[in-house]
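Following: one structure in structure tokens, then a few remarks.
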Amino acid sequence: MKYEVKEKKDGKVTIEFVLDAAEWEAEVEKAYQKNKGKYKKEGFRQGKVPRKVLEQTYGDTLFYEEAFNDCAATYYSEMLQKEPEIYPVEYPLVDIKSIGKDKGVVFTATVTVMPEIKLGEYKGLTVKKNAVKVGASEVNSEIDTLREKQARFVEVTDRAAKLGDLVNLDYSGSVDGVKFDGGTAANQELELGSHSFIEGFEDQMVGMRVGDERDLHVKFPDNYHAANLAGKEAIFAVKLLGIREKQLPDLDDAFAKDVSEFETLTDLKADIKKKKTEAAEKQASIDAENKLVEQIVDNAEIKIPDCMIESQIDSFVEDIRHRLSHQGLNFEDYLKYTGSTLEEYRKSRRADAERHVKTSLTLSKIIEAENVKVTDEAYDAKISELANYMNKSVDEVKKTMQPGQDEFIRQNVLTELLMAKLKELNTIE
């Protein structure tokens, strides 16, 4: 077999492969030996029909397709091993130019290859980190959340329902006078103002007293998950059975002791401020690192093949399918709920996919240019870090690693080493 690179144009490479008559005959014979067991003919045992007889019966090209598919795949793979600079990013388009018993085979394989990556400035850049300031309002917001968690509900009978109350009710819904599935319930609890029910339902219950009955007029959202109700006006006949008032604990030192290890409210607030400041500082650093990467990627020049973008969109689709499946949903239903189609979804993610691919290619080029590698020391340090987090020994972690985890960990370490290198080469202030 001989091959020759015939053309390099627009990110594609065309390679011509030539098999002489003897080589092609050997491939056809292999195909015959592989498939002869499928044939039977009168006068011969199954699998023992001579090749010549089969070709006389079914035609000279009986085994051509099998022979060509096998040899084309083999020779294409061999060529890639010998030509490492040809880095395909999709399956090749194969075209048979000539084929025959006496003339052998000539075919071409045209494939899209990894694009040229021209790095722009990725050293000596300066990125400013966002200033961090945690104010009293953020601390108080956290305190309010803790108070909500400690809230209790007390039965009240001497007033009407208001927002924030937990009410008990019966309800029955109908559209055009006809009750619908799922629209009737008894002894249901609902916190008014939680927006758990259809828009307008909870607000219309404000002012009702225990024992009151009222018709609530609402409209289902146009994108409601039940298509038969979407956009429809409905009436819910409700009866208020009970009202419970939310009571928050007093904001004092006793509260601090109940919800934390601190003796005073002052100490609790100080700890909340400290932790929020640390979290904000960490996020500010991450944001600054992301800005640096974005600037580096913007400076790079890459003509990304369409097939790489489409492949990344495929990954996005599979990812959302996987995540939705864990919520008991499927992607097709998700598209219906959002009033979209697969084609529209793919189009909406195209810019993200292109950015994702460009970022990956740019960073890979920098890893190559700066010779960033995962050392044994760096890998062992990450395993030790995981072991401490999981409260296990390093040996236990290594023994229980699932297939693919080792490579995943190495990629994480490589990313961390790359980020450290970029921070070394640039300034974040």
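These numbers were taken from a predicted model, which means no experiment stands behind them. One is the number of the first residue; the rest follow in order along the sequence.
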Review point. Say you draw a straight line from CD1 of Ile366 to CD1 of Ile296; how long is it, rounded to the nearest 0.5 Å?
Key: 5.0 Å
**Study point:** Greater than 12 external heavy atoms within 6.0 Å of Asn228's CG
**Key:** yes
Exercise for review: Using a strict cut-off of less than 4.0 Å between a Lys/Arg side-chain nitrogen and an Asp/Glu carboxylate oxygen, indicate whether Arg355 and Asp298 qualify as a salt bridge.
Suggested key: yes
Exercise for review: Would you mind checking if Glu385 and Lys382 are paired as a salt bridge, meaning a charged N to carboxylate O distance below 4.0 Å?
Suggested key: yes
Review point. Do the charged groups of Arg321 and Asp319 touch, with an N to O distance under 4.0 Å?
Key: no
Exercise for review: For the residue pair Phe17 and Tyr3, categorise the inter-ring angle as parallel (less than 30°), tilted (30 to 60°) or perpendicular (more than 60°).
Suggested key: tilted
Review point. Taking atom types as modelled, is there a side-chain donor on Glu27 or Tyr75 under 3.5 Å from an acceptor on the other?
Key: yes
Review point. Charged N to carboxylate O below 4.0 Å: is that the case for Glu199 and Lys219?
Key: no
Practice item. Indicate, with yes or no, if the rings of Phe316 and Tyr345 have centres closer together than 6.0 Å. Key: no
Practice item. Using the six-membered ring wherever Trp is involved, compare the ring planes of Tyr224 and Phe220 and label them parallel, tilted or perpendicular (cut-offs 30° and 60°). Key: tilted
Exercise for review: Kindly state whether the ring of Phe197 and the ring of Tyr171 have centres lying under 6.0 angstrom apart.
Suggested key: yes
Point to revise | Electrostatic pair Lys103-Asp20, nearest N-O below 4.0 angstrom | key: no
